[in-house]
There are 2 protein chains.
Amino acid sequence: MRKPIAIQGIRGSFHHEVAQKYFNNEADVIECMSFDTAVESLLKKSTDTIVMALENSIAGSIIPNYALIDNHNLSIVGEYYLDIQHNLLALEGKGIDTIREVHSHPMALLQCKTFFKDYPQIKLVEAKDTADVAKQIAEHQIEGIAAIASKSAARLYQLNILAESIQTIKHNETRFAIVMRENENLDKKGINKASLKFELDHKRGSLATILNVMSDCKLNLTKIQSLPKINTPWKYAFFVDVTFNNYEDYEKAQAIMEIMAQNFKVLGEYKNAKT
Amino acid sequence: MRKPIAIQGIRGSFHHEVAQKYFNNEADVIECMSFDTAVESLLKKSTDTIVMALENSIAGSIIPNYALIDNHNLSIVGEYYLDIQHNLLALEGKGIDTIREVHSHPMALLQCKTFFKDYPQIKLVEAKDTADVAKQIAEHQIEGIAAIASKSAARLYQLNILAESIQTIKHNETRFAIVMRENENLDKKGINKASLKFELDHKRGSLATILNVMSDCKLNLTKIQSLPKINTPWKYAFFVDVTFNNYEDYEKAQAIMEIMAQNFKVLGEYKNAKT
């Protein structure tokens with residue numbers, strides 16, 4: 001059965017690739033030009049599911065996306081890791097010496113900036129979506145402008161690959177979340193990972209105490225990030241991911257953490273994609 | 001005595017403002033067009049000190065800058081918190097309806113994107129430096145393009161402020177580090193904060209154990225961030241900031257952590273700028 005899935009970006013984007021892989025090619029993607037728009041489509045019930053990048057092995061967490069999930073009380077129901085490879089794409093028959101500008105997403109430009117040091121004549125211009133630039137170049141046969149996008153975008157829009165894997169750090173893994181309005185994983189079988197958020201006062205040992213509870217309950221920490229609470233000095237929010245073997249262990253830890261931390265919140269319970 | 005200080009950006013940038021405030025208006029800034037160039041000038045001894053943004057209350061840590069400090073074994077010797085206010089600047093006598101493009105740093109564009117939703121005709125274009133755009137507009141009397149920059153940039157380049165504080169989240173604090181090749185804070189008096197990096201195996205309770213040591217030694221945690229080690233599955237690096245009242249307490253914790261964690265490293269010891 002085909003499933004409507006809202007993604008940030010268009011067909012040929014990394015989000016599109018994740019949607020296809022996670023849903024075994026059964027995703028009918030709804031193309032959204034921003035993460036905000038994708039979330040709006042979820043809230044308006046145009047779709048039940050969105051795909052959203054959460055963190056990157058190079059640049060770290062995408063805090064604004066965590067904020068979107070948190071502020072709208074959405075639920076992470078799954079995750080997917082994609083190895084991001086950036087390629088330089090242009091019209092067939094055009095060499096890199098004909099390129100004056102590269103348009104791409106700020107994150108892609110950042111990840112490839114070392115490559116462009118050898119081409120000082122090429123101006124880097126921010127665009128909303130990596131794949132959309134490829135599509136525009138193909139549709140309007142634009143010369144002099146190149147895109148940074150995936151090989152699948154090159155195939156989809158029939159562009160030439162001027163240079164492969166142009167990102168500075170070759171292993172470049174991005175973690176994507178599958179997000180719904182509410183967690184539909186009612187069957188807890190197979191659930192072995194959770195994303196949590198809680199707040200603590202700036203008191204010596206407060207975080208250590210919480211981590212001791214997690215450790216005592218046999219939870220493994222796979223991610224932790226502190227964020228000072230805006231407008232609340234000396235209070236910190238923590239985004240934490242944990243994995244576990246038994247759901248009961250996690251439930252026990254959760255019950256204790258709810259008492260010990262402030263504003264404890266489960267952002268999602270799902271199946272660990274790393275094994 | 002005037003001090004040569006390398007900054008990312010030009011006069012009128014937020015880095016310039018931090019350099020002036022931290023060094024009581026005695027900074028002779030060396031303008032660098034990237035963080036990499038600023039670090040190069042430090043390594044080539046063109047300067048002994050650089051100013052570098054490290055994290056932002058909205059977007060989180062600037063991981064590539066942590067990597068620059070870490071990879072080149074530089075030392076954080078001080079910190080400064082600046083409340084970042086973004087303003088829309090253009091030539092005198094030009095209204096917002098005459099603006100076709102806004103050029104600015106990707107981070108500034110991200111922080112102001114909600115403001116521009118009301119102006120869909122304005123194209124957002126990535127530029128290297130917020131203040132440089134202001135300077136170019138003023139020098140070449142460029143119409144139709146606006147800059148996002150500080151009020152001090154507006155004064156310096158005599159531009160008109162079309163809109164004040166256009167960032168979405170009004171309280172927008174950025175933490176800057178003062179960075180040298182080596183820590184010259186030989187006198188430990190006044191030192192009450194440290195930035196640390198260490199690695200841990202993905203073993204249950206490994207982080208909790210380290211945090212217990214910190215807590216037992218009366219260290220306060222003000223920041224923690226995990227980062228999966230690229231190409232090393234199941235190994236995590238942690239960037240941690242701690243504050244303390246007695247340097248001896250910190251020394252004791254350091255001695256224990258050096259034994260318990262892997263690749264323990266002090267990125268800097270300095271005076272806490274938040275009191």
Side-chain angles (χ1 to χ4, degrees), chain A residues 34 36 55-64 66-67 103-107 109-110 113-114 117 124-128 169-173 202-216 218-231 233-234 236 238 241 243 274, chain B residues 34 36 55-64 66-67 103-107 109-110 113-114 117 124-128 169-173 202-216 218-231 233-234 236 238 241 243 274:
Chain A
S34 70
D36 298 54
E55 57 195 314
N56 183 286
S57 55
I58 298 166
S61 296
I62 306 168
I63 299 289
Y66 272 93
H103 293 215
S104 196
H105 190 272
M107 190 71 95
L109 293 171
L110 182 71
K113 68 177 181 180
T114 306
K117 272 191 181 166
L124 305 182
V125 179
E126 177 174 349
K128 286 213 165 171
I169 301 173
K170 295 306 166 198
H171 180 74
N172 178 10
E173 199 173 57
H202 182 66
K203 220 172 69 185
R204 181 157 58 79
S206 55
L207 179 61
T209 311
I210 293 283
L211 294 196
N212 287 335
V213 170
M214 291 186 191
S215 171
D216 291 346
K218 299 178 192 155
L219 306 191
N220 276 306
L221 198 71
T222 61
K223 178 223 168 84
I224 181 164
Q225 159 126 31
S226 65
L227 208 62
K229 276 206 73 177
I230 292 163
N231 296 327
W234 305 116
Y236 290 79
F238 295 87
D241 288 346
T243 59
K274 288 239 167 172
Chain B
S34 70
D36 297 54
E55 57 194 315
N56 184 285
S57 55
I58 297 166
S61 296
I62 305 167
I63 299 289
Y66 273 93
H103 294 215
S104 196
H105 189 271
M107 189 71 94
L109 293 171
L110 181 70
K113 68 176 180 178
T114 307
K117 273 191 182 168
L124 306 183
V125 178
E126 177 173 346
K128 286 215 166 170
I169 300 174
K170 294 308 167 196
H171 180 75
N172 179 8
E173 200 173 56
H202 182 65
K203 217 173 69 186
R204 181 157 56 80
S206 56
L207 180 61
T209 310
I210 293 284
L211 294 195
N212 287 336
V213 170
M214 291 186 190
S215 172
D216 291 346
K218 299 179 191 157
L219 306 191
N220 276 305
L221 197 71
T222 62
K223 176 222 169 89
I224 182 165
Q225 160 126 29
S226 66
L227 209 62
K229 276 205 74 179
I230 293 165
N231 296 329
W234 305 116
Y236 289 79
F238 294 87
D241 288 344
T243 60
K274 288 241 166 170

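When reading the values below, keep in mind they use all heavy atoms of this one structure, side chains included, and skip hydrogens, waters and symmetry mates. Just so it is clear, the structure is predicted and the values come from calculations on it, not from any experiment. Chain letters run A, B, ... following the sequence lines, proteins first, then strands; residues in each count from 1.
The candidate with the highest count of non-hydrogen atom pairs below 4.5 Å against chain A, out of B:V125, B:L124, B:D216, B:L109, is B:L109. With chain B as partner, the option from A:N220, A:L219, A:L207, A:T209 having the largest number of non-hydrogen pairs under 4.5 angstrom is A:N220.
Looking at B:K170, neither its backbone nor its side chain comes within 4.5 Å of chain A, counting heavy atoms on both sides. Contact annotation for A:I224: both backbone and side-chain heavy atoms come within less than 4.5 Å of a heavy atom of chain B. Contact of B:Y66 with chain A is not made at all, since no heavy-atom distance falls under 4.5 Å. Contact of A:I210 with chain B is not made at all, since no heavy-atom distance falls under 4.5 Å.
Minimum heavy-atom separation, B:S215 to A:G205: OG-CA, 3.3 Å. Smallest separation of non-hydrogen atoms from B:T222 and A:S226: O-OG, 4.4 Å.
Heavy-atom contacts from other residues, nucleotides or ligands closer than 6.0 Å to NZ of A:K218 number 12 or fewer.
With values rounded to the nearest 0.5 angstrom, A:I63 atom CD1 is found 11.5 Å from B:L110 atom CG.
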